[in-house]
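Remarks on the structure that follows.
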Amino acid sequence: MATALIDGQQVDFESGETILEAAEKVQIKIPTLCHAEDLSIYGGCRICVVEIEGERLLKPACATKISEGMKIKTHSPKVREVRRNIFELIVASHDISCRLNCLTCSRNQSCELREIAADIGANQTRFDPIDKGYDDDRSSVSIVREPNKCITCGRCIRKCEEVQGVGIFTMANRGPATVLTTFGDKGMGNVECTNCGQCIHACPTGALHEVYHYDRVWDMLKDEDKFVVVQTAPAVRVALAELFESKPGTIVTGQMVAGLKRLGFDRVFDTNFAADLTIMEEGTELIGRIEDGGPFPMFTSCSPGWIKYIEHFYPEYLENLSSCKSPQQMFGAVAKSYYAQQHGIDKEDMVVVSVMPCTAKKFESGRGEMDQDVDFVLTTRELGRMVKEAGIDLVNLAEEDYDPMMGESTGAGSIFGSSGGVMEAALRTAYELITEEELEELDFEPVRGAEGIKEAEVEIKGMTVKTAVASGLSNVGQLLEKIKNGEEYHFVEMMACPGGCIGGGGQPIPTNQETVEERMKAIYEIDAGKKKRKSHQNKEVQQLYEDYLGAPNSHLAHELLHTNYIK
Ligand code: HC0
């Protein structure tokens, strides 16, 4: 082990470590901007410069390897002066209205520029801001890009390319005119964007954010002629509290239901109910394919970012997708038919709102295949804004229950929010339906956890069912390549976001490896705490089949709950 000195502290390091990594070990925080742990090193912004004894030029700590005997100063007068100058130049090239409109920016609570200003002791901005004068990119139904707020740190470019394997962004122009844009400047809605929203998590400022639906939802809530119902996705309840200063993984299911009732929703329902319904449909479809010999692998179809990915990059596999709509869409279809009919509500007067961890759900709800069954999609962040606007102290509310008929869920429905959850939920049900025996061990450990690709084999009635799970689109791409090269699976779960929906593009900022793991633990805690942990035990789902749909995969079920994505 080699040693060096950082601000007089001796630090031991392994070969290949950067100055930034070594400094962390001795509790020295060097400010960074273009650097992110899950991305490759760029070294472009220079905020992390440090002084190395014997070297004339300052070096970026994120991109410089530490070596034996180095003497490094992280906040010498020279370093502090240069950092402040760099910061002032970055701010000058940032949105001219930033200083005036900071309060209304989407990142007013989490802007990294503000954090850095505090970290480097910035106390002036001497340069006049440049008016870049770019138009906002509002071509996407999921994501807005505000180029004037972009500081060209390149984090969204690397996130989209390296983590998601897509790569819709590029830098254009040179010098102060440098701007981040989409290829050919076509706009995010006109390129191969999957709407996953991971770029929003990568962005340090408010240059990227979701298309807001919350003002429209406020309008609906005050319209007395509308019957407004809301559904909450599995992953929202384990993340929402982060917006109210609670730790990642704090479970606020009952408080969230109480908060939604206070906001004025006529009924508060659970997407987890629809997740159980999805398992009845998808499990039956899988059993059918096992009996009929394929087509294999059967791919899950609930992640809309994954659907867009396969449409753009692997259309030859579209027929392998399960024909099931996602739980969000199944919920909308059932609410506007079964629930409306049972309660004498005119479908035209019903407004279905979803609260999702996902920006791509906004795109999904408007797809031609979906009959406008979901009217508005709020991200977890947008729900947080509404709750704050209403002055509700969410985390301290007394817990309330979901409304009946579409509010019950099992542990299987709950785990949909985590990578591997749909697979595990489907296997619990498929096993019992095929064997007609009770499944003793419900936890399928090999498909749990945050790794990008997981595989498992399950014995069901003498047959080895081969499964795989991938989350994060570059992992999805890798698994598809493996399949293309001849690897055979029966059932494959694909989720666009790293870690599954709990890492979705609509979740609180920051969403990173640590927050994802805490949310994941909470999801399995919810499952373990449920009396019923298999979707086919859901009494309200059983009632829905008895009163309305008939049986899984029935004609009516197909009409309402299934679709096809065509090349
Ligand atoms: Fe899903 Fe999800 S995609 S798991 O199937 O993101 O249930 O629809 O709600 O949480 O959005 C279910 C659906 C969700 C989560 C979402 C995600």
Side-chain angles (χ1 to χ4, degrees), residues 142 194-198 200-201 210 230-240 251 253 256 269-282 299-308 321-322 324-335 352-365 367 370 373-374 377-383 402 406-407 409-426 469 471-473 493-508 511 516 519-520 522-523 526-527 535 538 541 561 563:
S142 292
T194 63
N195 304 293
C196 72
Q198 288 301 316
I200 297 173
H201 287 307
E210 62 272 56
V230 63
Q231 58 168 322
T232 62
V236 175
R237 68 206 68 196
V238 297
L240 181 63
I251 301 167
T253 315
M256 175 179 66
F269 293 128
D270 202 353
T271 312
N272 296 21
F273 159 87
D276 281 332
L277 176 63
T278 304
I279 289 302
M280 297 309 294
E281 294 296 319
E282 198 161 334
F299 292 123
T300 57
S301 55
C302 48
S303 162
W306 145 242
I307 299 290
K308 195 92 181 324
L321 280 174
S322 157
C324 288
K325 289 181 184 172
S326 73
Q328 159 171 276
Q329 295 303 136
M330 285 200 187
F331 176 91
V334 171
V352 174
V353 177
S354 306
V355 186
M356 294 280 141
C358 172
T359 46
K361 289 280 168 193
K362 291 178 188 271
F363 173 80
E364 180 184 62
S365 67
R367 289 188 67 120
M370 300 302 170
D373 288 324
V374 173
V377 178
L378 301 169
T379 60
T380 309
R381 294 188 294 265
E382 284 176 275
L383 176 59
Y402 285 103
M406 299 177 72
S409 65
T410 69
S414 315
I415 58 177
F416 261 58
S418 178
S419 162
V422 182
M423 173 65 68
E424 184 167 338
V469 170
S471 72
L473 288 173
E493 178 200 295
M494 300 287 207
M495 289 285 170
C497 294
C501 301
I502 45 173
Q507 290 284 64
T511 283
V516 163
R519 294 171 195 161
M520 198 174 265
I523 285 266
I526 293 173
D527 172 36
S535 296
N538 185 320
V541 169
L561 311 179
T563 191

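Atoms within each ligand, like the ligands themselves, are counted from 1 in listed order.
- The number of protein N, O or S atoms lying under 2.8 Å from atom 2 (Fe) of ligand 1 is 1.
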Could you pull out all donor-acceptor pairs under 3.5 Å where a side-chain atom in residues 413-421 meets a protein atom, sequence neighbours excluded?
| residue | atom | partner | partner atom | Å |
| --- | --- | --- | --- | --- |
| Ser414 | OG | Thr410 | O | 3.0 |
| Ser419 | OG | Lys454 | NZ | 3.0 |

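- Residue Ala275 approaches ligand 1 through these ligand atoms, each under 4.0 Å from one of its heavy atoms: 7 (O).
- Between Lys362 and Glu210 there is no salt bridge, since none of the side-chain N atoms of the basic residue sits less than 4.0 Å from a carboxylate O of the acidic one.
- In summary, Arg367 and Glu364 do not engage in a salt bridge, as defined by a charged side-chain N under 4.0 Å from a carboxylate O.
- Here Phe299 pairs with Trp306 under the ring pair (Phe, Tyr, Trp, His ring centres under 6.0 Å) rule; sequence neighbours left out.
- Under the rule for a salt bridge (charged side-chain N to carboxylate O under 4.0 Å, His left out), Lys308 has no partner lying at least two apart in sequence or in another chain.
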CA sep, side-chain torsions, deciding dist, call: Lys325, Ser301, side chain to side chain contact (heavy atoms under 4.5 Å, CB included)
CA-CA 7 Å; Lys325 289 181 184 172; Ser301 55; over 6 Å; no
